[in-house]
Amino acid sequence: MSSSTTIKSCIDILRRTDPRDTEKNLTGLAKLISNEDIADELYQRVDTPLKVGEDSDADGRKFLLCEHNRDGDSHRSPWSNTYSPPLDDGFRPSERLRSLELHANEVFDIYRELYYGKATSVSSVYLWDKGEEETTNKGNEGKEGFAGCFLIQNRIDDENYWNSIHVIDVGGQQQQQQQQGKCQYKLTTTLLLSITPSSDEYDMLLPPPKSTNISGSLIRHNVRECSVDNNNSESSHIINIGKFIEDMESEMRSEMDSLYIQKTKTAVETIRKECPGEKSQGQEHTKVLNEAVLAMAMNKKANI
């Protein structure tokens, strides 16, 4: 079986399982694959709920763990550019991209606080060069393409969380477009959502109700061409990517709320709604009592 067929089959299986068990099922499928390269590619193709780490070299500042900042069993922090656990020869971005990465993390951290709040959310940005020739071409800095991921996690508890994973590709056909003051951005956004409404209020005389969970993922792709100032390409890229991500998130959030969540709500309410003409047990009991009282009253009246 070819690698593409193996990965496609694994992804098809994961799509038919509970989204909350994606990480466990992904690990199980990877163990069944004898080829480590195919297993690594599967991990890169499947998005799982983000985890949080702390950077001891940056005063314990939190950062998100994903496949894009992992090297072996270690993860790179965007704040100190160090790996945890320590890894001396781990991948690190070029000097130019490292400067852009730091700037992007500071800006994206403000975006996170404005949209998701400060207490429950964490964000991270990771950038990498797309080819060796781009890191060695010093005379063309600021014009070569690169790629990166912009991550946000808003986690209330294990059953209620929101993950945004934005993978951006910058600079397709960059030389021709940069000459015209344009740059192409390809964005792939994945939203991972889990909502479990509280069941605190229920009749203590009845068994506790089963909790209702809404969970799943939504993936969208888009391409946009934006103007770039060649004299200040770093700021131009951050502005263009930021607007692109904001527009994509707003569109997908609206789609998820109006289409998926509201449709699910309508379906649940329809299932739980009493059928017209049918009487509940309480209504039937009240009817019997009323008939009995009326019969007693009629008997007393007849005896008088």
Side-chain angles (χ1 to χ4, degrees), residues 22-23 26-27 30 36-37 39-113 116 118 120-136 138 141-142 144-155 161-171 185-190 192 234 237-238 241-242 245:
T22 298
E23 187 173 7
L26 176 60
T27 302
E36 293 185 0
D37 292 336
D40 287 339
E41 185 177 350
L42 178 62
Y43 275 116
Q44 295 175 7
R45 293 279 298 275
V46 178
D47 292 310
T48 58
L50 301 169
K51 296 183 178 180
V52 179
E54 292 187 359
D55 187 353
S56 58
D57 294 328
D59 299 325
R61 195 163 185 178
K62 295 181 178 180
F63 65 99
L64 295 173
L65 314 182
C66 69
E67 284 299 309
H68 301 290
N69 71 322
R70 181 178 70 87
D71 195 334
D73 295 327
S74 300
H75 289 82
R76 183 175 66 88
S77 166
W79 306 114
S80 64
N81 204 28
T82 58
Y83 277 87
S84 178
L87 187 66
D88 294 332
D89 58 346
F91 166 81
R92 289 177 173 81
S94 62
E95 182 178 348
R96 176 188 64 86
L97 271 188
R98 176 57 186 159
S99 174
L100 180 61
E101 184 181 76
L102 281 172
H103 191 185
N105 270 283
E106 296 294 344
V107 172
F108 206 57
D109 196 49
I110 298 174
Y111 171 87
R112 169 192 62 84
E113 289 187 15
Y116 298 94
K118 189 174 183 179
T120 58
S121 61
V122 182
S123 67
S124 294
V125 177
Y126 303 102
L127 303 179
W128 58 90
D129 296 284
K130 292 195 296 184
E132 294 181 358
E133 71 279 358
E134 294 169 354
T135 62
T136 57
K138 301 298 183 180
E141 286 192 2
E144 58 275 287
F146 62 91
C149 65
F150 292 68
L151 313 172
I152 291 179
Q153 182 202 72
N154 189 21
R155 192 178 194 89
Y161 59 81
W162 168 288
N163 290 173
S164 301
I165 303 172
H166 307 276
V167 179
I168 190 81
D169 184 293
V170 181
Y185 301 87
K186 299 178 182 179
L187 179 63
T188 300
T189 295
T190 303
L192 304 177
E234 180 175 306
H237 285 315
I238 291 178
I241 294 173
I245 289 176

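Since the model is a prediction, treat every value here as computed from it, not as a measurement.
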Please tabulate, for the side chains in residues 82-90, all donor-acceptor contacts under 3.5 angstrom to protein atoms that are two or more places apart in sequence or on a different chain.
residue: Thr82; atom: OG1; partner: Asp57; partner atom: OD2; Å: 3.2
residue: Thr82; atom: OG1; partner: Ser80; partner atom: OG; Å: 2.6
residue: Tyr83; atom: OH; partner: Phe91; partner atom: N; Å: 3.1
residue: Tyr83; atom: OH; partner: Phe91; partner atom: O; Å: 2.5

Side-chain contact, heavy-atom cut-off 4.5 Å: [X] with [Y]?
| X | Y | result |
| --- | --- | --- |
| Asp129 | Arg96 | yes |
| Arg92 | Arg98 | no |
| His68 | Val167 | yes |

Practice item. Begin with the C-alpha distance, continue with both residues' side-chain angles, and end with the deciding distance and a verdict on side chain to side chain contact (heavy atoms under 4.5 Å, CB included) for Phe108 and Ile152. Key: CA-CA 9 Å; Phe108 206 57; Ile152 291 179; 3.5 Å; yes

So how far is it from [X] [atom1] to [Y] [atom2], rounded to the nearest 0.5 Å?
| X | Y | atom1 | atom2 | answer |
| --- | --- | --- | --- | --- |
| Leu64 | Gln153 | CG | CD | 6.0 Å |
| Ile238 | Leu100 | CD1 | CG | 5.0 Å |
| Cys66 | Tyr126 | SG | OH | 6.0 Å |

Check your understanding: Tyr116 and Ser164: side chain to side chain contact (heavy atoms under 4.5 Å, CB included), yes or no, with the steps?
Key -> CA-CA 11 Å; Tyr116 298 94; Ser164 301; 3.7 Å; yes

Check your understanding: Take atom CZ in Arg45; do more than 12 heavy atoms of anything else shown fall under 6.0 Å from it?
Key -> no

Check your understanding: Between Thr189 and His166, what is the shortest heavy-atom contact and its length?
Key -> OG1-ND1, 2.9 Å

Check your understanding: Does any N or O in the side chain of Glu23 come within less than 3.5 Å of the main-chain N or O of Thr48, such that one atom is a donor and the other an acceptor?
Key ->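 Side chain of Glu23 to backbone of Thr48, a donor-acceptor pair under 3.5 Å: no, none is there.
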
